[in-house]
Structure formats: C-alpha cells, structure tokens
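These notes concern the structure reproduced below.
The shown structure was predicted, so the numbers you read here are calculated from the model rather than taken from an experiment. Chain letters run A, B, ... following the sequence lines, proteins first, then strands; residues in each count from 1.
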Amino acid sequence: MISKSPLYFLSFFCGAFIMGFELLGSRMLTPYFGSSIYVWGSLISVFMLGLAGGYFLGGLWADRHNTFNGLSLIIFIPALFITLSPWFYRPLLDVIFEWDLGPQAGPLSACLVLFTLPSLFLGMVSPYLVQLLVKQVRHVGREAGTLYAVSTCGSILGTLGTSFYLLANVGTRMSLLFMGISLLVLSLLAFALGRKAAFIS
Amino acid sequence: MATQPAAAKIIYETDSLYHHIVVREDDQGKRFLAFNRARGDQSAVVPGHPEILTFAYTKTAMAALSFLEREPERMLFIGVGAGSIPAYMRLIYPHAVMDLVEIDPDVIRVAKEYFEFRPDALMREIIKDGRVFLRTAPYSYDFIFLDAYNDASVPFHLTTQEFLSLAREKLNPGGVLASNVWSASINRYFNAQINTYQEVFGLLYLFQAKNTGNYIFVVTKPEKNISRSQLAGKAKAVPVPSGTLDLTGIVKSEFTPVPRTGEPILSDDFAPVDVLRYQ
C-alpha cells in the first residue's frame, strides 16, 4: 500500500500539461493556417476527440491490466512525442500546408496529425489512475471525483502558466521541450512508484 | 483609430466571425466603422466621396507612395476595413491591379453596403488570413499595405520575422511595404516591431499621424537611404487628386526618427505581442 498523494500529483500535472500543450497548439498552427476561427475550432475539437478516446480506452485497459508500469508507459508515449515535437512540427505543418486542403480541412487535418496521439494517451491517465486508487480505498465515487477535480485544477495552472508565463518568456519550442521533459519525469515517477509498491508487497 | 464623436448614431450593428461590427453616422453624413462598441473606430468615410480621407492615419499612409520609383502595377492590401485606403489609391493609380485580402467576410460586405465601397474590375476580393494568402500568392507586388493590427488585437503571426521575410519575397525589386502600427504610447511591442522590420528589410522609415498613436512603418526592397527633404521632393511627384491632400506637407511634418531599441526580434517561436504591448 502506497500513499495516494503521488497519484494526485501525477493527475495534477498531466492535467496541467494537456491544457498547456493545447494552448501551444494554437501558436504552432497560426503561422501556417492563420488566426482563423477554424484553427481554434479544429484545435479544441481534436483535443476533445483524443480525450474522449483516451477516457474510454484508459478505462478498458485499467480493468484488464492495471499497474504502475502501465501508467508509466501511458505517460511515456505523449512525453516522447511532445519532447521531440519542437524538431518535427514545422516540417510536418509545411507538408500539410502544401496539400492545400482549404481553410477548414487544412487546420483540422494538421490538428488530427499533431494532437490526436498525445491527447489520447493523456486522456487515458485519469481512468487508469482511478482504478489504481480504488485498489486502495473503498469510496470509489469520492476518489474518482477528487481525482478529476485535481486534474482539472492542474489544467487551470497549465492554461494560466502557459498563456501568462511560458509564451511571454520562453517561446513555443522551449515551452514544448519543458512540457515534454516534465512528462518524461512523471513517467519515471510512475515507474518508480511501481518498484516501491512491488517492494512493499 | 480615433474616439467616436458623441453625435454619431448607430445605424448598423452585427456580430461577425471575428468582430462586433458597429457602423455609426454623424449629423453630417460621415460614417464610422468600429469593431467594438467601447473602443475607437477603424475607419471614417463620407460615403460616395473616396477623395476625402477623414482619419489622420489614412493621409499619413499615403506618404509611403513617395518611396515608389514608378507607377505600381500590382498592389496588395491586407486588412480592408471600410475600404477607404484602396479607394483613395485607386484615384491615384487607375490602372493598378489591387488584391484586397480580408479575413472577415462581413467586413467587406459592410464596406460595400454602408461605406459605398465599390470594388472595380481590377480589384480582387480575397477572404483569407493575410499570411495564408501571401504564402500561396502567385504574384509579387509593387506595393503592400498591412492594416491588420488594431488597439484590441495584434495577430502575432503578422508581426514576425518569418512573416516579414515572406512579404519581402513577394515584393518586386523597387517595391514598397507600408504598415499601420498602432501604439498609444511607446511600448515594448512597438520597439520590438521596429527591430523586426529593420532585421528583415534594413532601413525603416516611420511617420506618425498627427496627434494619434498611429504610426506608418515604411520599408523598401532593396533598402533605400533617403533624407526627409529628398522624400518631400519625391512626394510632389505622386499624382494625388488635386486639392485633396498635401502629401509634401505630411512627409515633412510627420517624418519621425526611428528610435534605437534593444527589444528582441519577434519570431514565430517568440512573439508575445499581447504581453509586450502592456510593458
């Protein structure tokens, strides 16, 4: 049995980085697709698509196989994607721009390519964490509710921190790198928690 | 950008994709376009009289034409507003092809319906983001005018080194680019914008519209070293409709030395324009 607080910690920062990444998404897309209403519409809907899929798949996976190693992997995949994104997103957007898909399909396609995978995996984190938590506690409703609240508070910090601080001071690519590396650290933390749990049991 | 006269009545108001468009009319029949109820106007027009430039900055913008070496054949306007600037330039250059790029379809509609803006056969209306258009534009231009920034919003992707390099690529040799930059007081954004223009184009010229926060930035390709008095001489040669504008006077009195600044160059990666504007 390990304490709940590291799980809330993971939930909080995964929530923070998903919104931070979404905001950076607008800075990544605008130089290519303009500040049109379609850019924001595409961005938000693709994140919602990823999250919806992630919640669903994360819940399914949690029922079958629910370990800290699994959690570590779920965080590692978007962490790696976001860490490497400063190097690949511009050439990728250049290619999609050249396809000339029009003012709506252009940014929508770009969002699908860039943001589906990371938002899907980050969406899996919450239901997966719920299952890890309820192994330890009896109040499932309260634990699930608290976890979502903590994750959403993280999202508030991620939104404000990115828009008020990161973009104003370090620029888009450095912000992406910061978020990606932070997620890699969270993934390692989840892995370490698994070691500790195995050691205790 | 100017405050509304108290007497002006709202005659039309609508929510468009990008703005809250408000049209006012004063008791002399002059009409004003605003993108917000509380803030200043974007344009002022006496409908049916394109030869009357009402706002100071629209007159100042004409100073950029003194940098041209010959009559422009192809001109590009990014941000159309009520259409007063292209309509006036049409009087000067009757044969130029003009591409008018505007992100908001309702702005062009309102310009036509309420400001008697009448695009002619040599004018092409393009509903697109300015940068998206420029990147795919099949032509290059003799004159580019950027009027897409206002006090409420500065689209960051139209301020950066990458954007200005793209615009420079789309300028013909001898071409001139002018930009309407609004800055109520000298702030860090304004200074960073100056550095970014200089980085991309070399020499930059500034004209401040009388008693306003409107600055017209002018750059050329290749850069041109010209004094205020030489420029005033060239202003005489611009064929403005007689009696409508003292272009020489504007060039002389609104020519503003460019301050030296230490602000960062704006790039696609780092362009916190909304932060810098308040510092």
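Your options are B:K128, B:R131, B:R135, and the one with the most heavy-atom pairs under 4.5 Å with chain A is B:R135. Contact tally against chain A (heavy-atom pairs below 4.5 Å) for B:L158, B:V132, B:V275: the top residue is B:V132.
With values rounded to the nearest 0.5 angstrom, B:D268 atom CG is found 8.0 Å from A:R90 atom CZ. Atom CG of B:D269 is separated from atom OG of A:S175 by 8.0 Å, given to the nearest 0.5 angstrom.
Each of A:S26, A:P31, A:S35 was checked for a side chain to side chain contact (heavy atoms under 4.5 Å, CB included) with B:F156, and the lone residue meeting it is A:P31.
By the neighbour-count criterion of 12 heavy atoms within 6.0 Å, atom CZ of B:R118 is densely surrounded, having more than that number from other residues, nucleotides or ligands. Other residues, nucleotides and ligands contribute more than 12 heavy atoms inside 6.0 Å of the CZ atom of A:F88.
Of residues 93-111 of chain A, those residues lying under 4.5 Å from chain B by any heavy-atom pair are A:D94, A:F97, A:E98. Of residues 139-173 of chain A, those residues with a non-hydrogen atom less than 4.5 Å from any non-hydrogen atom of chain B are, in numerical order, A:L167, A:A168, A:N169, A:V170, A:G171, A:T172, A:R173.
The closest side-chain heavy-atom distance from A:F33 to B:D129 is not below 4.5 Å.
The contact between B:L17 and chain A is made by backbone and side chain atoms together, counting heavy-atom distances below 4.5 Å. Heavy atoms closer than 4.5 Å to chain A are found nowhere in B:F133, neither backbone nor side chain.
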